[in-house]
2 protein chains.
Amino acid sequence: MVQRQGLDAENVLQAAVEMADTQGVEGLTLAAIAAKLNVKTPSLYNHIKGLPDLRMQLSRRGLMLIKAAMVDAVIGKAKDDALLAVGFAYVNFARKHPGLYEAISTLPDYEDPELKEAGNEVVLFLLRILAPYGLSEEDALHVVRGFRSMVHGFASLEHRNGFRMGLERDESLRRMLLTYLKGLRASVD
Amino acid sequence: MVQRQGLDAENVLQAAVEMADTQGVEGLTLAAIAAKLNVKTPSLYNHIKGLPDLRMQLSRRGLMLIKAAMVDAVIGKAKDDALLAVGFAYVNFARKHPGLYEAISTLPDYEDPELKEAGNEVVLFLLRILAPYGLSEEDALHVVRGFRSMVHGFASLEHRNGFRMGLERDESLRRMLLTYLKGLRASVD
DNA sequence: TTTACAAAACTAATGACATTAGTTATTATA
DNA sequence: TATAATAACTAATGTCATTAGTTTTGTAAA
């Protein structure tokens, strides 16, 4: 009588991604995921360890995808062009996948090795883009922090409807990054 | 037999603030607040409408306090000095009151009039600090967005342990703001 | 001083949720 | 075809928020 739904871990994660992107991470419940998959809640435990585990997977997946988007955006570009492209790729990912982005930015476990590794990769990626600027290692690390703060802050505020004025948002992002880069050039020269 | 605890709305909110600052907003439960106040959970409903209401109050209180901190920081300062001071006041508030800050940055209801008002006041405050730069209204609004993105992004990443390198964090913040301001000056000239 | 009323606390009950234990049935493999 | 792994299930527990209805306390009026 019991129909198998052919679920696996990837299936469940996919459903979680979709629900997070439409209803937000806080509204993400195992009950809702199970219903979406035509299964009772406990059945999910054959594929995930529990809700914290699922959230962690969400974060990992999001970090992987946003990094891929940044890497893709930078192809054929260098210096300011590259940084601008990375910034827009970051923000556009957050726009397209609000749930995944939320999962990235509210990390469940700072100490998860896989998350740490993915985070490091992003930093290394940014450092490589900064290489042509000829900064010292320390200077470059400060710039990476600044860059991450800017794009994360922008994406986060935009997501929470923090920008209420009827002002082009892409233009705000463009100007913020360009202004910062101009200041960077002024410092280097 | 039943001892009155002399609770009122402010009392409950205070307890919520303390718990949010120590355990985080997601760990904030009515059950825990009630226990802290030596009261059963339903008793709280004499003073609050429910958990969403309490979260809202938390956001309002946080927004009020962080604005006060920024206003205080700017006394006797102008231009770059003032903006730097505001940035540090913002980040230091987030450090001192992580729970309140979380409540601010994960607003429960974008449409609450009191929250909208408080948000507008912050924007107006920043615009007044920007006034001496002689920007057009549109330019100034873009700068406000940039500034808010930077300081929120920094505070948020720092709160999530996003900065792992053994690098002075205050120095990173200082450099980000100064680099941006340098770029701003370069644009204006 | 007594009485009456508002409010602050309580108990009991409900419903949503996550999680665990133990069961049944299906699929794949030997 | 028989067996073992596993995907689904039901049942049960515990935590939480919330509501309804009750008791008790403090205060203010008579």
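A note on names: the letters A, B, ... follow the listed sequences, proteins ahead of strands, and every chain is numbered from 1.
- Not one side-chain nitrogen or oxygen of Ser43(B) sits closer than 4.0 Å to the OP1 or OP2 atom of dA8(C).
- Distance from the side chain of Leu51(A) is smallest to dT19(C) among dA17(D), dT19(C), dC17(C).
- Rounded to an integer number of Å, the gap from Leu44(B) CG to dT11(C) P is 14 Å.
- Summarising the geometry, the separation between CD1 on Ile48(B) and P on dA8(C) is reported as 13 Å, rounded to the nearest angstrom.
- Between His47(A) and dA8(D) there is a side-chain N or O to OP1 or OP2 distance below 4.0 Å.
- Looking at the side chain of Leu30(A), the nearest of the listed nucleotides dT10(D), dA18(C), dT18(D) is dA18(C).
- Of all nucleotides listed (dC9(D), dT19(D), dA18(C)), dC9(D) comes nearest to the side chain of Lys40(A).
- Out of dA8(D), dT11(C), dC16(D), the shortest distance to the side chain of Asn46(A) is found at dA8(D).
- Between the side chain of Asn92(B) and the backbone N or O of Phe88(B), at least one donor-acceptor pair lies under 3.5 Å.
- Atom-to-atom, CE of Met19(A) to P of dC17(C) comes out at 10 Å; the value is rounded to the nearest Å.
- Relative to the side chain of Val39(B), the nucleotides dA17(D), dC9(D), dA9(C) differ in distance, and dA9(C) lies closest.
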Before you tell me yes or no, could you show the steps for Lys116(A) and Arg164(B) under side-chain contact (heavy atoms from CB on, under 4.5 Å), namely the whole-Å CA-CA distance, both residues' side-chain angles and the distance that decides it to 0.1 Å?
CA-CA 9 Å; Lys116(A) 267 163 107 168; Arg164(B) 294 240 181 63; 3.8 Å; yes
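- Look at CG on Leu28(B): it is 12 Å from P on dC16(D), rounded to the nearest Å.
- Taking all atoms of both residues into account, the shortest heavy-atom contact from Met165(B) to Arg145(A) is O-NH2, 2.8 Å.
- Proximity of a side-chain donor or acceptor of Arg174(B) to a complementary backbone N or O of Leu84(B) within less than 3.5 Å is not detected.
- Of the candidates dA18(C), dA17(D), dA7(D), dA17(D) carries the atom nearest the Tyr45(B) side chain, counting heavy atoms from C-beta on.
- As rounded to whole Å, 11 Å separates atom C1' of dA18(C) from atom CZ of Arg55(A).
- One atom, CG of Asn11(A), and another, C1' of dA8(D), lie 14 Å apart when rounded to the nearest Å.
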Applying ring pair (Phe, Tyr, Trp, His ring centres under 6.0 Å) to Tyr101(A) and His97(A), what does each step give before you reach the verdict?
CA-CA 6 Å; Tyr101(A) 185 70; His97(A) 292 292; over 10 Å; no
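- Regarding Lys49(B), its NZ atom lies at a distance of 18 Å from the P atom of dA17(D), rounded to whole Å.
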